[in-house]
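These notes concern the structure reproduced below.
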There are 2 protein chains.
Amino acid sequence: MGKRPALAKSELEVAQIVWKLGRATVREVFEAMPSERDLNVKTVQTYLRRLEAKGYVQTYREGRNNVYTPLVRASQVVRRLVDDFVNRIFGGQPFPLVQQLLEQRGLTDEEIDRLQCMLNRLKKLS
Amino acid sequence: MGKRPALAKSELEVAQIVWKLGRATVREVFEAMPSERDLNVKTVQTYLRRLEAKGYVQTYREGRNNVYTPLVRASQVVRRLVDDFVNRIFGGQPFPLVQQLLEQRGLTDEEIDRLQCMLNRLKKLS
DNA sequence: ATTGACGGCGTTCATTTGAACGATATAATG
DNA sequence: CATTATATCGTTCAAATGAACGCCGTCAAT
């Protein structure tokens, strides 16, 4: 395991829809794509095939259709992506990224509260 | 402005060194690269040329050498990258990413304190 | 002046990615 | 059954990316 080739951007986009739907045909994925992202259904098909080739999804026949289902959990892939991002952009240090996210992007008051709880808990642990 | 083509991974790697050194020749960049990343100096040169073509660095002659200097601030590029990442992976929501970073990666106690300060300040602002 | 080292420029080349077509198979409809 | 629609598979194709060569010029040491 682990040795799956990385996902290209468009592939990830499509994979995210498969994760969301749980199981889907090409057409279903196609229809679930954001409308501003205006791809041909054949293109979506191509990306699904590539996802399968890379081992991220599985396909089985249902009548004349292919149905795709995830082979890897989203959280797992996302974790890898975050890891890689932090390593590449922030030299492996999560702190500066967190800092930037807090400053730059808006968090609701509720989210701020939840983060404070998390931080308190983290501090107690150490 | 603004419409610079995106940086490829290897290009970013090289750009980071230019930012760190402030100004550097091909060889200097080459020598400043992490040793485990074992690239040919000619390759580094290629990436620097591409960085120039994309408008991220500038070059001027110094004797027989080219000296490269940044044309864009690192913080600016990093901001864009973070933005794009949050959009693509987390649907534009910074919170889940922050959450993941707090859980998964180690923060020192001091960093936790600083984050708590930031959060307090943010809450007061709203 | 000759040689050799290094530097730059133009090029090359394979792979990956983004995007889609056309032919064939198959299912649904009249 | 004939027609039409749709799905799949194999292919294609251009641009981007990762990685490096080779030629040619110049500067420094012999």
Side-chain angles (χ1 to χ4, degrees), chain A residues 3-18 21 23-69 77 81 84 88-89, chain B residues 3-18 21 23-69 77 80-81 84-85 88-89:
Chain A
K3 276 293 105 205
R4 261 172 294 270
L7 289 175
K9 280 182 191 190
S10 310
E11 287 163 5
L12 179 63
E13 247 182 302
V14 166
Q16 284 177 316
I17 297 190
V18 177
L21 299 183
R23 45 156 272 135
T25 65
V26 177
R27 181 153 301 272
E28 284 163 353
V29 172
F30 170 69
E31 273 156 12
M33 301 243 336
S35 56
E36 66 274 21
R37 181 74 161 96
D38 147 86
L39 281 185
N40 191 296
V41 63
K42 304 272 194 148
T43 305
V44 173
Q45 186 186 34
T46 299
Y47 295 157
L48 280 168
R49 266 180 306 183
R50 288 184 185 170
L51 283 177
E52 191 192 359
K54 291 188 178 183
Y56 287 91
V57 303
Q58 202 180 12
T59 177
Y60 61 91
R61 228 94 218 305
E62 202 174 81
R64 86 208 146 240
N65 290 349
N66 278 358
V67 176
Y68 291 86
T69 60
V77 171
L81 288 170
D84 176 64
R88 280 180 34 249
I89 319 292
Chain B
K3 274 298 101 197
R4 260 173 294 270
L7 289 175
K9 280 181 190 189
S10 309
E11 286 163 6
L12 178 63
E13 249 182 300
V14 166
Q16 285 176 314
I17 296 189
V18 176
L21 299 183
R23 46 155 272 136
T25 65
V26 177
R27 180 151 300 273
E28 284 162 353
V29 172
F30 170 69
E31 273 157 11
M33 301 243 335
S35 56
E36 65 275 21
R37 180 76 161 96
D38 148 84
L39 280 184
N40 191 296
V41 64
K42 302 272 192 151
T43 304
V44 173
Q45 187 185 35
T46 298
Y47 295 157
L48 281 168
R49 267 180 306 184
R50 288 184 184 169
L51 282 177
E52 192 192 359
K54 291 188 177 182
Y56 288 91
V57 303
Q58 203 180 12
T59 177
Y60 61 90
R61 228 92 219 305
E62 203 175 80
R64 81 193 154 247
N65 289 351
N66 278 357
V67 176
Y68 292 86
T69 60
V77 171
R80 276 199 157 314
L81 289 171
D84 177 65
F85 189 77
R88 281 180 33 249
I89 318 290

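To find a chain, count down the sequence lines: A is the first, B the second, and so on, and within it residues start at 1.
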ask   = Is there a side-chain contact between A/Val41 and A/Glu31, using heavy atoms and a 4.5 Å cut-off?
value = no

task = State whether A/Thr43 places a side-chain N or O below 4.0 Å from either non-bridging phosphate oxygen (OP1 or OP2) of C/dA20.
result = yes

query = Contacts to DNA chain C from residues 30-40 of chain B, heavy-atom cutoff under 4.0 Å, which residues?
reply = none

message = Are the side chains of A/Leu81 and A/Leu12 in contact, using a 4.5 Å heavy-atom criterion?
response = yes

query = Between A/Asn65 and C/dA27, is there a side-chain N or O to OP1/OP2 distance below 4.0 Å?
reply = no

remark   = Taken to the nearest whole Å, CD/B/Gln45 to C1'/C/dC6 is 11 Å

inquiry  = From CZ of A/Arg88 over to C1' of D/dG18, roughly how many Å is that when rounded to an integer?
reply    = 14 Å

message = Between B/Arg50 and B/Thr46, is the side-chain contact (heavy atoms from CB on, under 4.5 Å) condition met? List the steps.
response = CA-CA 6 Å; B/Arg50 288 184 184 169; B/Thr46 298; 3.8 Å; yes

remark   = Checking D/dA7, C/dC9, D/dA28 against the side chain of B/Arg64 (C-beta onward), the nearest is D/dA28

inquiry  = I'd like to know if B/Arg61 reaches the base of C/dG8 with its side chain, counting only an N/O donor and acceptor under 3.5 Å.
reply    = no

inquiry  = By nearest heavy atom, map B/Tyr68 and A/Arg49 onto DNA chain C; which one lands nearer the 5' end?
reply    = B/Tyr68

query = Is any side-chain heavy atom of B/Leu51 closer than 4.5 Å to a side-chain heavy atom of B/Leu7?
reply = yes

ask   = Are any of the side-chain heavy atoms of A/Lys42 and A/Phe30 separated by less than 4.5 Å?
value = no

message = Using the side chain to side chain contact (heavy atoms under 4.5 Å, CB included) definition, which of the options A/Arg49, A/Glu28, A/Arg23 pairs with A/Tyr68?
response = A/Arg49

request  = Begin from the C-alpha positions of A/Asp84 and B/Lys9 and carry the test side-chain contact (heavy atoms from CB on, under 4.5 Å) through to its verdict.
outcome  = CA-CA 11 Å; A/Asp84 176 64; B/Lys9 280 181 190 189; 3.9 Å; yes

message = In this structure, how many angstroms lie between the P atom of C/dG7 and the CG atom of B/Leu48, rounded?
response = 13 Å

note = Closest to the 5' end of DNA chain C, once A/Gly63 and B/Arg27 are matched to their nearest nucleotides, is B/Arg27

query = Under 4.0 angstrom, heavy atoms only, what part of the nucleic acid is B/Val41 near: base, sugar-phosphate, or nothing?
reply = nothing

query = Taking only side-chain nitrogens and oxygens of A/Tyr47, does any of them come within less than 4.0 Å of OP1 or OP2 of C/dG18?
reply = no

request  = Let me know, please, whether B/Lys42 or B/Arg50 comes out on the 5' side of the other along DNA chain D by nearest nucleotide.
outcome  = B/Arg50

ask   = With a 4.5 Å heavy-atom cut-off, do B/Arg88 and A/Gln16 have their side chains touching?
value = no

message = For DNA chain C, which residues of residues 7-16 of chain A approach it to below 4.0 angstrom with any heavy atom?
response = A/Ala8, A/Lys9, A/Ser10

request  = State whether the side chain of B/Tyr56 and the backbone N or O of B/Pro5 hold a donor-acceptor pair below 3.5 Å, judged by distance alone.
outcome  = yes

query = Do the side chain of A/Thr46 and the base of C/dA20 come within less than 3.5 angstrom through a donor-acceptor pair of N or O atoms?
reply = yes

